[in-house]
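As structure tokens, the structure follows; a few thoughts come after it.
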Amino acid sequence: MRVEIWSDIACPWCYIGKARFAEGLAGFAHRDQVEVVFRSFELDPSGAKGVTAPVVEMLAKKYGRTLDEARGMEEHVAATARSEGLEYRTDGRDHGNTFDIHRLLHLAAARGRQEELLDLAFRANFAEERSVFDPEVLISLAVEAGLDGAEARAVLADESAYADEVRADEREAAELGANAVPFFVLDRRYGISGGQPAEVFTRALEQAWAGREVEEPVAAAEACEPDGACAVPQV
């Protein structure tokens, strides 16, 4: 069975959803026969490269909230992440264009190190004081993931490198009807949207493995939409 996961490094529910899926996969009896592939999805493709803004300020502007209210929104997401065993800092993070990160993730996929780089990028963005929008940080993450630093630098310097692969992923997402991420596709037959609980993923894997129609989750799960808006509590 192949599971494809569309996500963006800027999406907190993708960070959380990946952890929940991993837990759900661990509870699936045939987990060793599941191939997981990560696909590209930009939440804010129109954002100018190299231009960043503090996440709290971005949230306040997007939702028409005060900075204190925006911090409260971030604290809610942080509490959810921590309940899954993930570190999450609410101050000092920035937001920007993620196209270069996706291009490097395709390089990592070609070298068999995609998930390693994805995990490091998620951690850098949500848990550490390292900006994934800094090219030097990206290169250091690539090296940590087991990639050649010179090759990673060359990819970032060539704006066409792996650009077609990123765009192809995004076209496929649109064709499959993905209007929010994370978006999970099982064997190109069943789609699951949002950071669902681990047991939902386990049940879906079992149903798909048995050839049965995968049941829709009882409730919608938190997700991030293409305009960069993420599900947040009304505080």
Side-chain angles (χ1 to χ4, degrees), residues 2-23 25-26 34-45 47-55 78 81-82 84-170 173 181-182 224 228:
R2 168 181 276 204
V3 177
E4 295 164 278
I5 305 174
W6 273 263
S7 62
D8 192 5
I9 203 68
C11 165
W13 300 114
C14 296
Y15 177 49
I16 294 167
K18 183 179 184 299
R20 288 176 170 174
F21 174 78
E23 183 181 349
L25 180 61
V34 176
E35 176 192 13
V36 181
V37 178
F38 297 94
R39 302 294 191 191
S40 298
F41 190 106
E42 295 172 89
L43 288 177
D44 189 11
K49 180 179 176 180
V51 177
T52 62
V55 168
R82 290 164 188 156
E84 300 293 338
L86 300 170
E87 294 182 47
Y88 193 109
R89 61 189 180 90
T90 57
D91 291 318
R93 293 198 303 108
D94 51 9
H95 177 82
N97 184 289
T98 57
F99 191 64
D100 280 350
I101 303 169
H102 287 296
R103 294 196 300 116
L104 271 189
L105 284 166
H106 275 281
L107 167 66
R111 301 293 179 264
R113 309 298 295 176
Q114 186 185 45
E115 187 166 11
E116 288 83 355
L117 180 57
L118 181 61
D119 284 339
L120 286 166
F122 270 139
R123 181 172 179 81
N125 188 46
F126 291 107
E128 300 173 347
E129 293 187 11
R130 291 198 289 174
S131 174
V132 294
F133 307 103
D134 180 337
E136 293 304 319
V137 170
L138 284 181
I139 292 166
S140 69
L141 292 173
V143 172
E144 288 178 50
L147 300 177
D148 179 77
E151 185 176 32
R153 189 178 295 277
V155 166
L156 291 181
D158 178 2
E159 294 187 358
S160 67
Y162 294 102
D164 288 346
E165 288 82 349
V166 175
R167 297 305 185 208
D169 279 356
E170 294 174 336
V181 286
C224 293

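Quick note: numbers below take in every heavy atom, side chains included, and nothing from hydrogens, waters or symmetry partners.
- Looking only at side-chain heavy atoms (C-beta outward), E159 and K49 come within less than 4.5 Å of each other.
- Across all non-hydrogen atoms, the minimal contact from A78 to T90 is CB-CG2, 3.7 Å.
- For the pair E35 and V3, the minimum side-chain heavy-atom distance is 4.5 Å or more.
- For the pair L86 and I16, the minimum side-chain heavy-atom distance is below 4.5 Å.
- Residues V36 and E4 fail the side-chain proximity criterion, which asks for heavy atoms closer than 4.5 Å.
- In this structure the side chain of L138 never reaches within 4.5 angstrom of the side chain of F133, judged on heavy atoms.
- H106 places a side-chain heavy atom less than 4.5 Å from the side chain of V166.
- Using a 4.0 Å cut-off between a side-chain N of Lys or Arg and a carboxylate O of Asp or Glu, D100 and R103 qualify as a salt bridge.
- Side-chain contact between C224 and P12 is present, with at least one heavy-atom pair separated by less than 4.5 Å.
- Atoms CZ and NE2, on R39 and H102 in that order, are 13.0 Å from each other to the nearest 0.5 Å.
- Rounding to the nearest 0.5 Å gives a distance of 12.0 Å between CG of L118 and CG of L104.
- Take R130 and apply the salt bridge (Lys or Arg N to Asp or Glu O under 4.0 Å) test, not counting sequence neighbours, and it matches E128, E144.
- Take N97 and apply the side-chain hydrogen bond (donor to acceptor under 3.5 Å, both in side chains) test, not counting sequence neighbours, and it matches no residue.
- The shortest distance between side-chain heavy atoms of F126 and R89 does not fall below 4.5 Å.
- Side-chain N or O atoms of D8 include none that pairs as donor or acceptor with a backbone N or O of C11 at under 3.5 Å.
- Within a 6.0 Å radius of CD in E129, no more than 12 heavy atoms belonging to other residues, nucleotides or ligands are found.
- In this structure, W6 contributes its side chain and E170 its backbone to no donor-acceptor pair below 3.5 Å.
- Between R113 and E116 there is a salt bridge, since a side-chain N of the basic residue sits under 4.0 Å from a carboxylate O of the acidic one.
- A108 and L117 make their closest contact through CB-CD2, 3.8 Å (heavy atoms, listed as atom of the first residue, atom of the second, distance).
- Aromatic ring pairs are classed by plane angle as parallel below 30°, tilted from 30° to 60° and perpendicular above 60°; the pair Y15 and Y88 is tilted.
- Ion pairing between a basic and an acidic side chain is recognised when a charged N comes within 4.0 Å of a carboxylate O; E136 and R153 show such pairing.
- Remark: R20 engages E84 in a salt bridge, criterion side-chain N to carboxylate O under 4.0 Å.
- In summary, D148 and R111 do not engage in a salt bridge, as defined by a charged side-chain N under 4.0 Å from a carboxylate O.
- Distance check, rounded to the nearest 0.5 Å: CZ of F99 to CD of E42 gives 6.0 Å.
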